[in-house]
Amino acid sequence: MAPIPGPLPPPPDDSGQAAWGSQPIYSRADDVAFAKIAAAASVAADASGWTHASAHLNHYLDNTGKPLTIDADAMLRDVPKANTEANSVAQTEIRRITTDVSAAQNYDNPVQFQSQWSGFYITQALSEDWFFAMGGIQLSVTGVVTVHKPAEGAEPSITVEYKVHVHDRYNWDGDKSTKIAGVEVSDKRMGALHTAGLAREYDIDGSSGTRRYEGTVPSNGRMNLPGPPGGRDGERSDPTR
């Protein structure tokens with residue numbers, strides 16, 4: 001098989017509240033006080049089992065702005081609908097390539113693909129932990145498809161290897177208010193920590209392990225594409241323990 005390519009550059013992120021440290025120094029006293037509330041929210045989130053939400057908030061409060069790499073397989077395992085969406089993107093690419101290769105009879109030659117990014121929103125109902133950790137994310141799939149020459153009158157079989165990629169920008173850019181494990185926070189107050197220079201927005205990225213599919217492409221219905229390894233329905237995936 002040819003190597004699996006990396007993803008395309010992600011789409012532009014939203015602008016966030018404003019530039020880091022752009023708030024006048026004389027107006028930051030309330031933000032210094034609120035930073036302690038945000039830290040308490042992180043502790044409460046961890047105590048509630050929302051370990052990713054806690055880790056991501058801590059990274060924000062660490063004030064480095066360094067990118068954070070997540071375990072994409074853990075997220076896709078914890079949020080099955082995100083995994084279904086990712087596999088739907090993969091299926092679209094696989095069907096397109098299979099059709100093109102069959103029409104050209106260009107069998108047994110690996111074809112690489114890079115999907116466009118697709119938006120997906122992790123609601124609180126899907127996962128409280130990942131809702132507070134990320135919320136709105138971008139998904140992309142890249143891989144390699146080999147369409148094998150079929151026997152006369154038979155459907156071609158395929159071999160596919162692919163990865164799912166996840167991207168998000170951790171910021172607080174809305175005007176809503178919510179409770180993290182009982183601690184009330186608002187987008188405005190959390191975002192103000194960034195403009196006060198007390199916390200820093202950052203990029204979140206992650207890629208799944210390699211997934212492999214061998215079989216045919218059904219004319220109707222979904223392909224039975226694989227999911228993340230080690231599925232643990234109802235279990236919590238913990239980034240620190």
Side-chain angles (χ1 to χ4, degrees), residues 1-11 52 68-103 107 109-131 133-148 150 155-169 203-237 239:
M1 295 286 286
I4 297 173
L8 296 170
H52 299 93
L68 180 69
T69 300
I70 65 163
D71 182 346
D73 279 323
M75 188 278 289
L76 295 165
R77 188 166 54 236
D78 293 345
V79 189
K81 283 193 175 182
N83 182 69
T84 298
E85 175 66 21
N87 272 347
S88 178
V89 172
Q91 179 176 248
T92 297
E93 295 293 326
I94 293 167
R95 286 187 180 277
R96 175 183 62 80
I97 291 170
T98 302
T99 298
D100 290 348
V101 168
S102 298
Y107 298 116
N109 292 312
V111 179
Q112 297 174 311
F113 70 87
Q114 298 169 295
S115 81
Q116 297 296 320
W117 289 92
S118 177
F120 181 86
Y121 194 77
I122 304 173
T123 66
Q124 197 166 353
L126 293 176
S127 169
E128 289 186 305
D129 185 14
W130 288 105
F131 166 74
M134 299 180 78
I137 63 173
Q138 295 287 329
L139 294 169
S140 175
V141 181
T142 63
V144 183
V145 180
T146 302
V147 184
H148 305 292
E155 291 291 321
S157 62
I158 63 171
T159 301
V160 184
E161 289 186 346
Y162 68 99
K163 291 183 178 182
V164 178
H165 309 280
V166 181
H167 172 77
D168 184 32
R169 177 73 175 172
D203 288 335
I204 301 173
D205 291 283
S207 297
S208 74
T210 299
R211 300 182 178 189
R212 186 177 178 89
Y213 173 84
E214 295 180 272
T216 59
V217 178
S219 56
N220 295 305
R222 284 184 170 275
M223 299 173 62
N224 188 25
L225 295 177
R232 300 173 296 169
D233 290 344
E235 289 190 23
R236 147 186 166 190
S237 58

Counting only N and O atoms by type, is there a donor-acceptor contact under 3.5 Å from the side chain of Thr84 to the main-chain atoms of Pro80? yes
Which one of Val79, Ile204, Asp129 satisfies the side-chain contact (heavy atoms from CB on, under 4.5 Å) criterion with Met134? Ile204
Counting only heavy atoms not in Glu155 (residues, nucleotides, ligands), do more than 12 fall under 6.0 Å from its CD? no
So which atom in Ala82 and which in Met75 form the shortest heavy-atom distance, rounded to 0.1 Å? CB-SD, 4.1 Å
Let me confirm one number: the CD1-OG1 distance from Ile4 to Thr210, rounded to the nearest 0.5 Å. 4.0 Å
Where Trp117 and Pro9 come nearest, the two heavy atoms and their spacing: NE1-O, 3.2 Å
For His167 and Pro10, the nearest pair of non-hydrogen atoms, with its separation, is CD2-CB, 3.6 Å
Can you pull out every salt bridge (Lys or Arg N to Asp or Glu O under 4.0 Å) where at least one residue sits in residues 211-222? Sequence neighbours excluded, please. Glu161-Arg212, Arg212-Glu214
My understanding is that only residues two or more places apart in sequence, or in another chain, count here; which of them pass side-chain contact (heavy atoms from CB on, under 4.5 Å) with Ala133? His52, Ala53, His56, Trp130
Under 3.5 Å, sequence neighbours excluded: what are the donor-acceptor pairs made by side chains of residues 140-148?
residue	atom	partner	partner atom	Å
Ser140	OG	Ser115	O	3.3
Ser140	OG	Ser115	OG	3.3
Thr142	OG1	Pro5	O	2.7
Thr142	OG1	His165	NE2	2.8
His148	ND1	Asp108	OD1	3.1
His148	NE2	Thr159	OG1	2.7

With rounding to the nearest 0.5 Å, note down the distance linking OG in Ser102 to CD1 in Ile97. 11.5 Å
Can Val89 and Leu139 be said to form a side-chain contact (heavy atoms from CB on, under 4.5 Å), step by step? CA-CA 9 Å; Val89 172; Leu139 294 169; 5.8 Å; no
Under the side-chain contact (heavy atoms from CB on, under 4.5 Å) test against Met223, which residue among Ile158, Val160, Asn87 passes? Ile158
Spatial distance of atom NZ (Lys81) from atom OG1 (Thr123) [nearest 0.5 Å]: 7.5 Å
Which residues pass the side-chain hydrogen bond (donor to acceptor under 3.5 Å, both in side chains) test with Glu85, sequence neighbours left out? Ser118
Just wondering, do Pro150 and Tyr107 contact through their side chains at under 4.5 Å, heavy atoms? yes
Tell me if a side-chain donor or acceptor on Asp73 pairs with a main-chain N or O of Gly209 at a distance below 3.5 Å. yes
Contact check, side chains of Pro3 and Gln112, non-hydrogen atoms, under 4.5 Å: yes
Taking atom CD1 of Ile122 and atom CG of Asp168, what is their separation to the nearest 0.5 Å? 8.0 Å
Rounded to the nearest 0.5 Å, what separates atom CD in Gln138 from atom CG in Asp205? 11.0 Å
Can you name the residues that form a side-chain contact (heavy atoms from CB on, under 4.5 Å) with Arg96, not counting sequence neighbours? Glu93, Asp100, Phe113
Gln124: partners by side-chain contact (heavy atoms from CB on, under 4.5 Å), with sequence neighbours left out: Glu128, Phe131, Phe132
Between Leu225 and Tyr162, is there a side-chain heavy-atom distance shorter than 4.5 Å? yes
Inter-residue atom distance Leu76.CG - Asp71.CG, 0.5 Å rounding: 9.0 Å
Look at the side chain of Arg77 and the backbone N and O of Asn83, then say whether any donor-acceptor pair between them is shorter than 3.5 Å. no
Ignoring hydrogens, what is the shortest heavy-atom contact between Val164 and Ala86? Give both atom names and the distance. CG1-CB, 3.6 Å
